[in-house]
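Atoms within each ligand, like the ligands themselves, are counted from 1 in listed order. In what follows, residues are counted from 1 in the order of the sequence shown.
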Amino acid sequence: MAATSQLQERLAEARRVAVLTGAGVSAESGVPTFRGAGGLWRKYRAEDLATPEAFHRNPKLVWEWYDSRRQLIARCQPNAAHRAIALLEHRAPEFLLITQNVDGLHRLAGNVRLVELHGNLWRVHCLDDGQVTENLEVPLQAIPPRCGCGGLLRPDVVWFGEALPPEALQAASDFAESCDVFLVVGTSVVVQPAASLPTIARRRGAYVVEVNLEPTPLTSLAHESHHGKAAEILPRLLGIPSDASGNFEFRISNFEMPSSDSRPPTPGTPEKPCSP
Ligand code: OAD
């Protein structure tokens with residue numbers, strides 16, 4: 001971890017704060033990452049499970065994989081890094097969380113101003129009528145699941161070879177170009193276009209801070225790079241106090257962050273009360 005950090009001072013002066021997250025932010029919740037030891041792409045071939053062609057060839061196989069991931073994630077809770085990012089949203093005058101994660105844990109932690117660049121595996125998309133709906137069934141009763149119209153449903157996630165949702169990408173790019181602080185947590189920063197966002201922010205004058213277990217292609221470009229587990233490092237970097245046992249206190253004035261006891265709310269959930 002870098003010896004000193006200016007992050008708190010920079011945040012105190014910042015108007016617009018952006019956070020980019022990847023699978024590493026959920027690692028300590030028990031959700032596997034994609035690359036590195038134990039990563040999903042070490043065990044499975046993305047071509048068999050995460051492309052439109054794979055789904056066309058064998059929707060049952062693809063859905064079985066997504067159903068098993070949903071079963072695992074349904075048992076996971078947001079960790080201290082998710083909660084620190086949720087608290088940051090309530091502190092910053094203007095804020096955007098840009099996540100590559102599809103697990104819904106940021107919403108569960110309380111983030112509202114977020115774009116899910118790669119979709120969300122708690123939503124499904126009908127290939128016939130195009131409707132996108134929430135689906136929280138765990139495990140799925142029928143595989144592959146079908147829409148009320150009879151059409152085949154697919155997970156509402158972005159697969160290899162597919163374009164990102166244009167509005168999500170536009171919102172993320174606009175914010176990256178205009179933010180004062182850009183925090184990057186738990187991503188290998190190798191998958192485009194998300195990987196370009198911190199560079200764009202850096203060029204436009206943002207203060208860029210990275211938190212990751214190990215160096216990434218961003219490390220040499222970032223103003224600060226802190227190496228270690230996000231759930232340990234991030235709350236400390238943000239100055240979140242901890243009690244005598246070392247548990248962080250996620251509290252802002254009279255508003256306490258919600259406890260994590262419900263599944264992810266659907267997209268478009270009304271905003272929760274903001275900090276004073
Ligand atoms: P990766 O699996 O590529 O990278 C995870 C990053 O998190 C690595 O750099 C790890 O060093 C870091 N990491 C792991 N545990 C950590 C911890 N406890 N604290 C901090 N950092 C930790 O995941 P992403 O960067 O999210 O796309 O991958 C990007 C995209 O590639 C994913 O959204 C997915 C994947 O293919 C699609 O499925 C479209």
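Among protein heavy atoms, atom 15 (N) of ligand 1 sits closest to Leu213 CD1, 3.4 Å. Distance from atom 28 (O) of ligand 1 to its nearest protein heavy atom, with residue and atom name: Arg35 NH1, 3.2 Å. Residue, atom and distance of the protein heavy atom nearest to atom 13 (N) of ligand 1 are Gly24 CA, 3.6 Å. For atom 1 (P) of ligand 1, the closest heavy atom belonging to the protein is Ser188 OG, 3.6 Å. Atom 36 (O) of ligand 1 has its closest protein heavy atom at Trp41 NE1, 2.8 Å. In this structure, the protein non-hydrogen atom closest to atom 12 (C) of ligand 1 is Asn212 OD1, 3.2 Å. Looking only at heavy atoms of the protein, atom 25 (O) of ligand 1 is closest to Thr187 OG1, 2.7 Å. The shortest contact between atom 29 (C) of ligand 1 and any protein heavy atom is with Gln100 OE1, 3.3 Å.
The contact set between ligand 1 and Ala230, taken as ligand atoms under 4.0 Å from a residue heavy atom, comprises 17 (C), 19 (N), 20 (C). If you number the atoms of ligand 1 from 1 as listed, the ones under 4.0 Å from a heavy atom of Gly22 come out as 26 (O). Interface of Ala23 with ligand 1, defined as ligand atoms under 4.0 Å from a residue heavy atom, comprises 23 (O), 24 (P), 26 (O). Set against the non-hydrogen atoms of Glu214, the atoms of ligand 1 under 4.0 Å away are 11 (O). Atoms of ligand 1 lying under 4.0 Å from at least one heavy atom of Val158, given by number and element, are 39 (C). Each of the atoms 19 (N), 20 (C) of ligand 1 lies under 4.0 Å from some heavy atom of Gly228. Using a 4.0 Å cut-off to heavy atoms of Phe160, the atoms of ligand 1 that qualify are 36 (O).
The one candidate from Leu88, Val185, Ile240 that meets the side-chain contact (heavy atoms from CB on, under 4.5 Å) condition with Leu234 is Val185. Each of Val102, Val158, Leu164 was scored for a side-chain contact (heavy atoms from CB on, under 4.5 Å) with Leu117, with one residue passing: Leu164.
A salt bridge links Glu116 with Arg123: the distance from a Lys NZ or Arg NE/NH1/NH2 to an Asp or Glu carboxylate oxygen falls below 4.0 Å.
Under the 3.5 Å distance criterion, with hydrogens and angles disregarded, no donor-acceptor pair is assigned to the side chains of Ser242 and Asn247. Remark: the Gln192 side chain and the Ser196 side chain contain an N/O donor-acceptor pair separated by less than 3.5 Å. Side chains of Thr216 and Glu210: a donor on one and an acceptor on the other come within 3.5 Å. Under 3.5 Å, the side chains of Ser29 and Gln77 contain no donor-acceptor pair of N or O atoms. A donor-acceptor contact under 3.5 angstrom links the side chains of His223 and Arg202, judged on distance only.
Residue Trp159 places every heavy atom at 4.0 Å or more from ligand 1.
Taking each of His118, Glu28, Arg42 in turn, the one with a heavy atom nearest to atom 37 (C) of ligand 1 proves to be His118.
In terms of N/O distances under 3.5 Å, ligand 1 is approached by Gly186.
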